[in-house]
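Heads up, the thing below is written out as structure tokens.
Proteins get letters first, then strands, A, B, ... in listed order; numbering begins at 1 in each.
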Amino acid sequence: MNELFAAMYESLFGVYNANYLEIFTTLFDFGGYLRLGFLFIGLPLLFWLLFYYLWKYPYGRFLHWLVWLLASAVTVLVTTWLVADHAIFDSGNQALADALGDAESGYKAYAEGLPMRYALINAGLSLAVGFMASLVMKQFSRIQMHLPF
Amino acid sequence: MAQKLYIFGIGGTGSRVIKALTMLFAAGCRLENGFDTVVPVIIDPDTGNGDLSRTKDILRLYQQVRNQVDHPDDFFGQEVKTIHELADHSAGINPDFFQFRLNGVDGNSFRKYIGFEELGDNPEAGEDDRNFIRLLWSEANLDADISVGFKGNPHMGSVVLNQFTSSDDFIRFGQTFSPGDAIFIINSIFGGTGAAGFPLLLKNLRGNSEIPHRVHVKDAPIGGITYLPYFALNRQDEINSESFEEKAKIALDYYNRTIIGQNRINALYLIGNRGNTNVIPYAVGGKEQKNNAHFLELAGALAILDFCKNRDLHGVSGGKAVNGTRVKEYGIENETETITFGDLNLDDVKKLSGPLTKYRLFTGYLEKGLPRALGVSRWTRSNIRLVPSSNNSVLDRSYFSSVEYNLQVKAFNALFDEWIREMGENKPSFIPFREMTADTALNLVRNSAPKGNLSFRALDVWNCRLIARDDLRAPVGMKHSTLIRLFGLSTEKVLTKKELIIR
């Protein structure tokens with residue numbers, strides 16, 4: 001899974017720069033990619049579980065579903081930002097910490113933009129995952145089966 | 001073994017008690033001891049009578065709704081048929097078949113009916129006969145228009161009603177009568193039609209040798225409820241309500257000597273409201289005679305349930321009750337002018353509160369709760385995509401705007417709500433429910449205080465949960481099946497959770 005997520009973020013979405021290798025090595029070695037990956041899968045699943053199986057509101061409309069989708073995406077965005085920020089700036093990898101502390105290395109300036117990039121990627125992915133999860137989960141929901149359609 | 005209960009409702013009181021019983025059946029009450037079919041028969045010469053017309057309408061709607069429910073086992077659980085349906089094995093619904101027709105009463109005076117002017121072989125003999133007749137009936141009696149009933153004169157009714165026991169309808173009744181069937185008769189003792197009709201009918205049931213299956217009919221269990229005065233009129237004219245009590249005493253004395261003393265009937269229920277101050281507008285039959293529903297009519301319906309429940313005690317041999325005639329009266333626990341469930345005997349509470357509360361919630365929901373859910377809640381959606389077709393509901397906008405729903409279910413429910421309202425406005429009033437709003441719907445039972453959310457929401461949640469059940473899927477042509485069965489279940493769930501049903 002680590003390789004899969006790493007390939008996705010680095011190759012598919014192009015979040016990689018060989019000049020700052022230590023960042024990406026740290027994310028790979030210290031489980032940062034795993035945590036980021038589970039966020040865009042796990043959080044939407046949890047959100048839609050709540051929506052379809054615990055939310056006992058019988059007057060749900062498409063708008064409710066849409067708001068829930070967006071709320072899920074926003075939650076993933078914020079959480080991803082926090083997790084990515086922690087994974088980079090509080091990693092426990094001394095080499096990365098030294099590089100980030102060296103003002104002339106350029107690591108800090110580059111690294112500061114990464115959490116938002118991962119957050120936006122994850123938010124977008126969560127929309128897709130959430131939509132597909134929704135189509136599956138609605139089959140077994142008794143109250144919200146009619147959403148999104 | 002399947003058994004039938006024939007219910008003869010005589011006069012306006014008979015119509016109103018049959019109406020009350022039909023409402024209980026709609027709410028889910030059923031007869032015990034294998035009585036799977038009820039055959040109401042209304043005997044009333046006043047074909048235009050408002051109460052009669054309303055009862056026939058209710059019976060027609062009941063059948064129309066029930067015929068479109070697949071194996072109803074809660075709301076509309078009790079089967080109701082006419083004698084014609086049994087005799088002809090036809091499925092057509094004709095409310096007129098609930099009434100035994102009387103010939104020669106339309107537009108006729110009593111004088112003309114008995115052939116007063118044609119009496120005697122010659123003028124002299126005829127005048128003697130006419131003078132004899134004048135000893136029994138006054139000029140006012142002779143001139144009375146009998147198409148609106150007998151206006152509190154049972155000595156007229158006993159002559160006119162005598163014809164029906166040789167009528168085609170009565171013959172058809174005998175033809176459809178089977179071993180194990182039973183009979184119940186409803187009448188008022190202070191009226192004209194009921195007071196005359198009851199002993200006449202009973203005499204023929206026990207002793208008419210012309211009736212088909214006379215052996216079965218003669219030895220059938222027979223019960224009856226006789227209404228003593230329970231209302232007065234706001235003025236006195238042809239019908240004098242001040243004479244009701246005196247007439248009742250005279251008739252009771254006759255019943256005691258003949259019917260009860262000779263064990264002709266298995267169970268006789270007596271009910272009335274002595275010292276009542278319930279005054280209703282004066283009306284001499286016709287469509288103006290449309291009395292508001294009264295709690296005592298609902299109590300009369302309970303008598304019928306009680307009669308069937310105690311069927312085993314009603315043995316008959318040689319046309320007489322083996323265990324003698326059991327005479328029963330009705331009472332409630334608390335003397336009050338505003339009766340609620342808590343004022344009734346516990347057995348009656350158990351019989352009534354569940355079914356009536358469920359059905360009242362049902363009618364209230366369709367009126368005040370449905371607009372919010374229709375087209376929004378899952379259980380009203382027929383266009384849900386990417387799911388098996390069995391998950392789509394038949395209870396969508398097109399169903400609720402259909403002719404069948406509006407002219408049958410909605411119409412019946414309006415009559416049910418009217419019946420409940422009328423009992424609440426009568427004296428004593430039966431007013432077990434509060435006014436219902438969408439936000440306080442589950443607070444409908446008086447003297448209860450359920451907790452939590454009291455809106456219709458819980459009902460909609462249960463409807464969503466239940467709508468896809470296999471047993472709610474309706475065969476083709478059973479248009480109301482899903483609606484009636486769904487709400488029978490969901491109202492039960494909701495009210496049980498709120499502890500509003502006493503069992």
Okay, A:L147 and chain B: the region with an atom under 4.5 Å from a heavy atom over there is neither

So CD of A:Q144 and SG of B:C464: to nearest 0.5 Å the spacing works out to 7.5 Å

Polar side-chain atom of A:K138 near backbone of B:R385 as donor-acceptor pair, under 3.5 Å
yes

Practice problem: Check the pair A:Y59 / B:D460 against side-chain contact (heavy atoms from CB on, under 4.5 Å), numbers first and verdict last. | Solution: CA-CA 8 Å; A:Y59 312 114; B:D460 281 316; 2.4 Å; yes

Q.
Taking CZ in A:R61 as the centre, count heavy atoms belonging to other residues, nucleotides or ligands within less than 6.0 Å. Is the count above 12?
A. no

When the 4.5 angstrom heavy-atom criterion is applied to B:R465 and chain A, the contacting part is both

Among residues 363-380 of chain B, those lying within the under-4.5 Å heavy-atom range of chain A are B:R372, B:A373, B:V376, B:S377, B:R378

One should read off an interatomic distance between B:N463 CG and A:I143 CD1, to the nearest 0.5 angstrom, of 10.5 Å

Taken to the nearest 0.5 Å, the spacing of B:R381 CZ from A:M145 CE works out to 12.0 Å

Only one of B:N391, B:N392, B:I384 passes side-chain contact (heavy atoms from CB on, under 4.5 Å) with A:H146, and that residue is B:I384

Turns out that what part of A:Y57 lies under 4.5 Å from chain B's heavy atoms comes down to both

| task | Please answer whether the main-chain N or O of B:L386 pairs with a side-chain N or O of A:Q139 as donor and acceptor at a distance below 3.5 Å. | result | yes

